[in-house]
Amino acid sequence: MRFPTMREGRGIVLRFMFFMLISGATLLNSAAYGASGKILATPGVFQVEGAAGGGLVPWAQLAGYASDEEFALNGFCSRAQVDDYRLDVCGAQANFYDRVEISLARQNFSVAALDAEIEQDIVGFKTRLYGDIIYTSWPQLSLGVQHKKLADPAIAYLLGAEQDSGTDIYLAVSKLHLGAAAGYNFFWNVAARSTDANQLGILGFGGPRDNRTLNIELSSAIFLNPHWALGFEYRQKPDNLVVREDDWRDLFVAWFPNKSVSLTAAWLDLGDVAGQSDQRGWYFSLGGYW
Amino acid sequence: MIINRSNIVAALRRARGLIGLFLGAIFLAACAVHPKPSLYEQLGGREGVALIVDHLIERIGADDKIFHFYAETKISRFREHLQGQLCAVSDGPCHYAGDSMEQVHAGMMIQEADFNHLVELLIGAMEDAGTPVPAQNRLLARLAPMRGQILHR
Ligand code: HEM
């Protein structure tokens, strides 16, 4: 018998807490306890860095079902499994009056071949500057910040990264067009992000080739009905290190059975990651909303 | 042959008849295959709209969140005017005979969450009525711009 290390212990406790949060959300009826002032599915799902968004790209919507008079709290866990790596993320999001979003996320990146894990924490802040994805004729506009701190920077420094923490700033615009695609609801989001993070920050910040760059991130989806959305995302990536970093893509399907949970599955194409080429695989994400 | 602007213009001019014929054919084919039904027809016409409104009234009657707004409402008048309005906004052969949206909802202080909740009751009512999803979305698209006349009054 082998006892878990401090780090593993922390991971287990965290996972247990999120499991409890999410199963709690599913059990409690959202109508009785939580925010429900937005239309089903319109808050979107859970982005890998903790913001409300698609899987890869932050959206202009703020997390959860809070309207201008409500408060919302969400929890989620996601897993991305590609050929040589795995990324697990769990996080929590709060929405204050559909004006301010605060998020926390912990990422665990595992490299099976090296039996190594890299952990990163992200604190996010987003504020809605203008509009509503459905009701205003101009799109909704939000400004966000993600501050990232790498707990295990050894590999990042080895690959030439300059820092173990960094801050991304992004502007996101989103719009849902009712009935616009042959009668189906059509959604799009564009985000512009200023960042010095390498592979989200898991490989550190800055590097020999570049430091801060501006990257464009796109999402689009079609709603088959109020419960099901199909879409794609494209995330332009920096390329600061000597090991090459590619743009990311996914195709996703999201299911919103009610306002308490959502489930997302995606096919990922992450290109070259830390010296391994053509990283493709799957992504699953489960979240609960109050 | 040198490709320059006047050549291209000349080529387009030569092709003008053909292009016109081509577009005309597409247009005619599109019309012949899909004589596009009005939104009113997609909603099921008179019966369809009446069914949607009845299911909506049923759902409002059973709702905890927004029923209180309607506690004093005369159902027959509400039914008639809402039918007339849904018919008129969906290009049906009707004229909306009620008061303006501002007047009807004055003094109610309807909030964003109330509005979205009614939209969801309406989606439920359209589901009950068997309205196809594209027709549901198109109707919502025509009602959504009225939100500004209804909220916070
Ligand atoms: C796009 C959204 C809406 C449309 C198109 C709409 C339309 C209408 C129409 C046509 C009437 C009947 C008018 C008349 O009798 O002259 C009406 C009445 C009413 N509406 Fe709305 N409405 C909308 C949203 C809402 C919302 C969000 C609420 C509250 C949550 C609400 C509460 C009422 C009430 C209580 C009445 C009855 C007023 C009375 O008793 O005379 N409406 N609405």
Side-chain angles (χ1 to χ4, degrees), chain A residues 29-43 61-62 64-72 95 97-99 128 131-140 175-187 221-230 256-260 289, chain B residues 30 33-34 36-44 59 62-67 69 86 89-91 101 108-152:
Chain A
N29 183 329
S30 71
Y33 296 94
S36 61
K38 287 185 196 162
I39 291 174
L40 184 65
T42 57
Q61 292 99 302
L62 303 195
Y65 286 95
S67 71
D68 61 345
E69 297 188 310
E70 294 172 324
F71 165 76
N95 176 331
Y97 310 113
D98 208 23
R99 181 56 72 184
R128 184 173 62 85
D132 180 283
I133 59 159
I134 301 176
Y135 297 112
T136 49
S137 38
W138 291 93
Q140 182 167 332
K175 177 99 185 113
L176 180 71
H177 299 272
L178 295 171
Y184 292 90
N185 295 343
F186 171 70
F187 172 82
I222 293 272
F223 282 86
L224 301 181
N225 62 38
H227 300 281
W228 287 91
L230 292 179
F256 302 86
N258 54 45
K259 288 188 186 174
S260 298
Y289 307 75
Chain B
V33 180
H34 307 284
K36 205 177 173 211
S38 70
L39 178 54
Y40 183 63
E41 287 166 309
Q42 296 171 39
L43 293 170
R59 283 184 177 250
D63 190 72
D64 312 324
K65 245 186 231 163
I66 63 163
F67 175 73
F69 288 104
L86 296 188
V89 300
S90 62
D91 307 326
M101 286 294 102
M108 293 189 196
M109 285 306 285
I110 294 170
Q111 302 298 318
E112 286 181 7
D114 303 322
F115 190 94
N116 283 337
H117 191 67
L118 185 72
V119 170
E120 291 188 314
L121 294 184
L122 177 59
I123 293 171
M126 292 190 287
E127 279 296 312
D128 295 344
T131 312
V133 171
Q136 292 182 19
N137 295 334
R138 289 181 176 125
L139 180 62
L140 294 176
R142 294 190 189 189
L143 298 177
M146 298 176 188
R147 181 175 179 257
Q149 302 155 30
I150 292 169
L151 281 195
H152 309 306

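Note that these values count all heavy atoms, side chains included, but never hydrogens, waters or copies made by symmetry. To find a chain, count down the sequence lines: A is the first, B the second, and so on, and within it residues start at 1.
- The choice from A:Asn225, A:Asp68, A:Leu40 that makes the most heavy-atom pairs within less than 4.5 Å of chain B is A:Asp68.
- Only the side chain of B:Glu120 has a heavy atom closer than 4.5 Å to any heavy atom of chain A.
- Using a 4.5 Å cut-off between heavy atoms, B:Val133 touches chain A through backbone and side chain atoms alike.
- Ring orientation note: the planes of B:Phe115 and A:Tyr135 are nearly perpendicular, at an angle over 60° on the 30°/60° scale.
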Exercise answer: donor-acceptor pairs, residues 141-149 of chain B side-chain atoms, under 3.5 Å, sequence neighbours excluded:
from: B:Arg142; atom 1: NH1; to: B:Val89; atom 2: O; distance (Å): 2.8
from: B:Arg142; atom 1: NH1; to: B:Asp91; atom 2: OD1; distance (Å): 3.4
from: B:Arg142; atom 1: NH1; to: B:Asp91; atom 2: OD2; distance (Å): 3.0

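- Note on B:Arg59 versus B:Glu127: no salt bridge recorded, every NZ/NE/NH1/NH2 to OD/OE distance being 4.0 Å or above.
- For A:Leu224, the part lying near chain B is the backbone, with the side chain staying farther off; criterion is any non-hydrogen pair under 4.5 Å.
- Within the 4.5 Å cutoff, side-chain heavy atoms of A:Pro43 are placed close to those of A:Tyr65.
- Only the side chain of B:Ile123 comes within less than 4.5 Å of a heavy atom in chain A; its backbone stays farther off.
- Between chain B and the residues A:Leu178, A:Thr42, A:Ile39, the largest count of heavy-atom pairs under 4.5 Å involves A:Ile39.
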Side chain to side chain contact (heavy atoms under 4.5 Å, CB included) between A:Phe186 and A:Ile222, intermediate numbers included:
CA-CA 5 Å; A:Phe186 171 70; A:Ile222 293 272; 3.9 Å; yes

